[in-house]
Amino acid sequence: MAIQTPLLIVSPFSCQEITKKFSRKDTFTPIDPLALVPKCKSLRDLKQIQAFSIKTQMQNDIFFMSKLINFCTKNPTPAFMYHAHLLFDKIPQPDIVLFNFLARGYARSDTPLNAFVLFLKILTLDVVPDFYTFPSLLKACAGAEALEEGKQLHCLLIKYGLNSDIYVLPALMNMYIECKDNGSARRVFDRIADPCVVTYNAIIMGYVRSSEPNEALSLFRELHVKKIKPSDVTILGVVSSCALLGSLGFGKWVHEYVKKNGFDQYVKVNTTLIDMYAKCGSLADAISVFESMPYRDTQAWSAMIMAYAIHGSARCAITLFQEMQNTQVNPDGITFLGLLYACNHSGLIEEGFRFFNSMKENYRIVPGVKHYGCMLDSLARAGRLTDAFKFLTELPIPPTLLLWRTLLAACSIHGNVDLGKLVLERIFELDKSHSGDYVIFSNMCARAGKWEEVNYIWKLMKERGIKKIPGCSSVEVNNVLHEFFSGEVTRIEHRELHQEVDKLIEKLKLVGYVPDTSIAFHPGLKDEDKEATLRYHSEKLAITFGLLNSPPGKTIHVVKNLRICGDCHSAAKFISLIFKRNIIIRDLHRFHHFEGGNCSCGDFW
């Protein structure tokens, strides 16, 4: 390795002092390079100290080299990690401590699997790994989603007798979770005789990240029964699980638990509560948490702006952003995503572009795919499909599936079959497995009377083995979530519920409801069957169940796995009118607040 050897290069930290000491022979005091390492501000500074160490015959001192390597790995940029690797390779007999420094650095870098090159080297040198070694290597596997390498590490853990170590097990579970193997992660957890809160946190957060909130909440209840004291990380996982489920009742219980046990002192917990209440349909509770916070960081402001956005309160989101600016809190990409989302769902195209340009020019924030998606959706929702297509094709990044699907949905809304067909071809170049793409284009063609295209699409789905994702809606009654699938009649209670839906639809028709059968098409479906297909959509089943099993006047909260269809949207408005109920539906994209025959979206969704 080529090393810079000049000793007295001017450095911003202390080389002038070194020069001064060498020039005054009568007061010369030896310089300790170790004392200079923490003062480094750049790789150039570190190399000057390394040069000085060569002059003073310290380049072979293991302790000194470990300090240099450790400094490099604290800032694991490619340049620092490359230099650390060079230093390590120059050591004839490295010990496990030196390797652990490098492994930790690589685990946090953009090239985590480089740690395994060094790991193979130390194994050939008969260096024995310890319980500090494996967490970093497992984290490297997690970062690279390298499941096979992770499994091999698991075998080594067993070989070295470290498969029960409390420091290693959370990293092992996290590796499996990040590699999307929750089954193996759970098996690791279940073999732990006496799991502590750290291991509980690892598996709970893993379930949250993989959108399995019921499993996460089940583990929290188990932890609670065992009287293991949760940490703030546990609470973050539990609150996030409530948000995923849309379970307002349990979310409020958790909030009381948070206040009772002092977890409301954590800004992140309060921020997650804001997000939870917003996603569970209670904007008022989200506002209450936000206003009670003594300190609000960027994430807290952003969460509240996003809460207003998904509930269709664009003006409130913009006003809150202005307050954020007045308090001198710097916005980030999430803040602007909330603003763009708010403008998008309220038809404020010009204001949305103003925020988009301000984000880039005034705050130097590089737009991500979601930012571009909001701007594309703003144009497309407004019917400016040509402008939207031009915007998409001129992006500085390659258009992603998310962006093409956004444009396809807009083509369906505005009935532009020709552009929709072009967009579908682009989507199929990237992915042919998503059933929603086929269904959207098929429905678009059906409404336009292009039956040959419709039959072709359904035939294509059959040939490719594509199954339509069933609509699923859940409603919370007495703190219990009840789940319904479109057309489901597998149990007696479902058949009884269908009869109640039939009665409900007849009442709606008396006040002007007309089923939109144009969206109900399937090859071989007769006209008289189209209305029946619409009637038993999961949203209607969930709302009817809520009406039957909750007291008059109580708000009905429904969570839908897909975008709400136009017919269910229309029916929900009539239900809110004749039953004098507020109905809140969270679909895949936003919230709809139905009250007195109107929806908060203003039919712009």
Pairwise distance [atom1]([X]) to [atom2]([Y]) - rounded to 0.5 angstrom:
{"X": "L340", "Y": "F355", "atom1": "CG", "atom2": "CZ", "result": "8.5 Å"}
{"X": "I166", "Y": "D194", "atom1": "CD1", "atom2": "CG", "result": "10.5 Å"}
{"X": "R296", "Y": "M324", "atom1": "CZ", "atom2": "CE", "result": "11.5 Å"}

Assess whether a salt bridge exists between R209 and E178, defined as any Lys/Arg side-chain N lying under 4.0 Å from an Asp/Glu carboxylate O.
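Salt bridge: yes.
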Margin query: For K226, is there an ion pair with E222 - N to carboxylate O distance below 4.0 angstrom?
Written below: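 Answer for the salt bridge query: yes.
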Are side-chain heavy atoms of [X] and [Y] found at a separation under 4.5 Å?
{"X": "P230", "Y": "L223", "answer": "yes"}
{"X": "V329", "Y": "D297", "answer": "no"}
{"X": "I318", "Y": "Y308", "answer": "no"}
{"X": "I96", "Y": "Y132", "answer": "no"}
{"X": "D89", "Y": "L118", "answer": "yes"}
{"X": "L403", "Y": "L395", "answer": "yes"}
{"X": "T319", "Y": "E323", "answer": "yes"}

Has [X] got a side-chain atom pairing as donor or acceptor with [Y]'s backbone, closer than 3.5 angstrom?
{"X": "D95", "Y": "L98", "value": "yes"}
{"X": "N261", "Y": "F263", "value": "no"}
{"X": "S358", "Y": "R354", "value": "no"}
{"X": "H311", "Y": "A278", "value": "yes"}
{"X": "N326", "Y": "Q322", "value": "yes"}
{"X": "T406", "Y": "L402", "value": "yes"}
{"X": "S136", "Y": "T133", "value": "no"}
{"X": "T298", "Y": "N330", "value": "yes"}
{"X": "R108", "Y": "T73", "value": "yes"}

Requested in this report: Mind telling me whether F353 and F356 have parallel, tilted or perpendicular rings, with 30° and 60° as the class edges?
Outcome: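 Perpendicular, since the angle between the ring planes exceeds 60°.
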Closest heavy-atom contact between [X] and [Y]?
{"X": "I365", "Y": "P331", "answer": "CD1-O, 3.9 Å"}
{"X": "L339", "Y": "A317", "answer": "CD2-O, 3.8 Å"}
{"X": "F134", "Y": "D130", "answer": "CD1-O, 3.6 Å"}
{"X": "H83", "Y": "C72", "answer": "CD2-SG, 4.1 Å"}
{"X": "A142", "Y": "N174", "answer": "CB-ND2, 4.0 Å"}

Practice prompt. Apply ring pair (Phe, Tyr, Trp, His ring centres under 6.0 Å) to the pair F336 and F321, showing each step before the final yes or no.
Written response: CA-CA 9 Å; F336 279 100; F321 176 65; 5.5 Å; yes
* **Verdict with supporting geometry, D332 and T335, side-chain hydrogen bond (donor to acceptor under 3.5 Å, both in side chains)** => CA-CA 5 Å; D332 61 8; T335 316; 2.9 Å; yes
Which donor-acceptor pairs under 3.5 Å do side chains of residues 366-376 form with protein atoms, sequence neighbours excluded?
from: H371; atom 1: ND1; to: G368; atom 2: N; distance (Å): 2.9
from: H371; atom 1: NE2; to: G333; atom 2: O; distance (Å): 2.8

request  = Could you tell me if the ring centre of F220 sits under 6.0 Å from that of Y200?
outcome  =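 Not under 6.0 Å, so no.
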**Message:** Just checking F116 against Y106, ring centres under 6.0 Å apart?
**Reply:**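 Between F116 and Y106, the centre distance exceeds or equals 6.0 Å.
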Practice item. Dump the intermediate steps for salt bridge (charged side-chain N to carboxylate O under 4.0 Å, His left out) on K39 and D45, then the final yes or no. Key: CA-CA 9 Å; K39 298 181 181 180; D45 293 348; over 6 Å; no
Name the atoms and distances for all side-chain donor-acceptor pairs under 3.5 Å in residues 286-294, with sequence neighbours left out.
from: S292; atom 1: OG; to: S288; atom 2: O; distance (Å): 3.3
from: S292; atom 1: OG; to: V289; atom 2: O; distance (Å): 2.8

Is it true that the side chains of R104 and N70 contain a donor and an acceptor less than 3.5 Å apart?
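A pair is found: one side chain offers a donor N or O, the other an acceptor, under 3.5 Å apart.
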| Distance-only side-chain donor-acceptor flag, R187 / S184, under 3.5 Å |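 The criterion, which ignores hydrogens and geometry beyond distance, is satisfied for S184 and R187.
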| So does D110 have more than 12 non-hydrogen atoms from other groups sitting under 6.0 Å from CG? |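 Counting other residues, nucleotides and ligands, CG of D110 stays at 12 neighbours or fewer.
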